[in-house]
Amino acid sequence: MEKAIVVVDEIYDFITGGSLECGHSEEAVAATKALIEKNPALPVLFICDHHPANHCSFAAQGGPWPPHCVAGTHGAEIHKDLLPFVSEELTFYKGCDPEQEQYSGFDGKNEAGQSLAEVLNLLGTEVVYVTGIATEYCVKNTAEDLLKAGFKVTVIEDCLGWVDAEGHKKTLPDLKSEGIRIQ
Ligand SMILES: [Zn+2]
């Protein structure tokens with residue numbers, strides 16, 4: 001059974017010191033790195049929130065969030081500890097259109113214009129391990145879309161960061177009841 005690891009938004013603006021810093025973010029990066037190192041044969045696909053400066057999800061445009069992950073800034077970069085595992089064809093950018101909020105990695109595209117599902121299918125993937133930030137938003141939406149697309153999905157709890165600890169705790173049983181494994 002072919003497996004793959006998906007890393008959601010482990011980028012500086014969601015990590016301690018970033019404009020939208022999340023709880024357990026540095027721990028999530030360290031645990032994700034350990035998971036990747038323990039499974040060196042598995043492809044690792046990175047999802048990146050990647051916004052223009054006038055994105056609709058930012059407060060100045062009436063959205064719920066402070067500006068974050070603006071293309072070309074440090075805040076939009078993947079954490080340096082994960083860079084050795086990053087490749088262009090397995091990196092997917094979402095939220096690039098100023099008018100559209102995209103929490104799910106499923107909406108992302110790589111430089112070649114391929115979607116996450118397209119590339120997972122090309123790799124013959126059946127089982128997907130999901131890690132990243134934040135549990136209640138982009139991890140949840142990505143995991144649910146993967147499940148709907150027919151993949152077996154396991155969310156790795158140690159590898160998650162969250163906007164709100166209570167929200168994180170509430171999201172896990174919801175995902176489990178939908179058929180997503182929590183490990
Ligand atoms: Zn965003």
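- A heavy-atom distance below 4.5 Å is not found between the side chains of Lys148 and Phe106.
- Connection of Val6 to Phe92 is established within a shared hydrophobic cluster, with ILVMFWY side chains joined at heavy-atom distances below 4.5 Å, either directly or through further cluster members.
- Ring-centre distance between Trp65 and Tyr137: below the 6.0 Å cut-off.
- Note on Asp174 versus Lys140: no salt bridge recorded, every NZ/NE/NH1/NH2 to OD/OE distance being 4.0 Å or above.
- Using a 4.5 Å heavy-atom threshold, the side chains of Phe85 and Ile78 count as separate.
- To the nearest 0.5 Å, the span separating CG on Asn121 from CD on Gln114 amounts to 11.5 Å.
- A donor-acceptor pair shorter than 3.5 Å cannot be found between the side chains of Asn110 and Thr91.
- Of the charged side-chain nitrogens involved, none lies within less than 4.0 Å of a carboxylate oxygen, so that Glu166 and Lys170 do not count as a salt-bridged pair.
- A distance of 11.0 Å separates NE2 of His74 from SG of Cys69, quoted to the nearest 0.5 Å.
- In this structure, a donor-acceptor pair under 3.5 Å is absent between the side chains of Glu21 and Thr16.
- Within the model, atoms NE2 of His55 and CD of Gln100 stand 8.0 Å from one another, a figure rounded to the nearest 0.5 Å.
- Proximity of Thr171 to Trp162: side-chain heavy atoms (C-beta onward) are nowhere separated by under 4.5 Å.
- Using a 4.5 Å heavy-atom threshold, the side chains of Leu90 and Pro43 count as touching.
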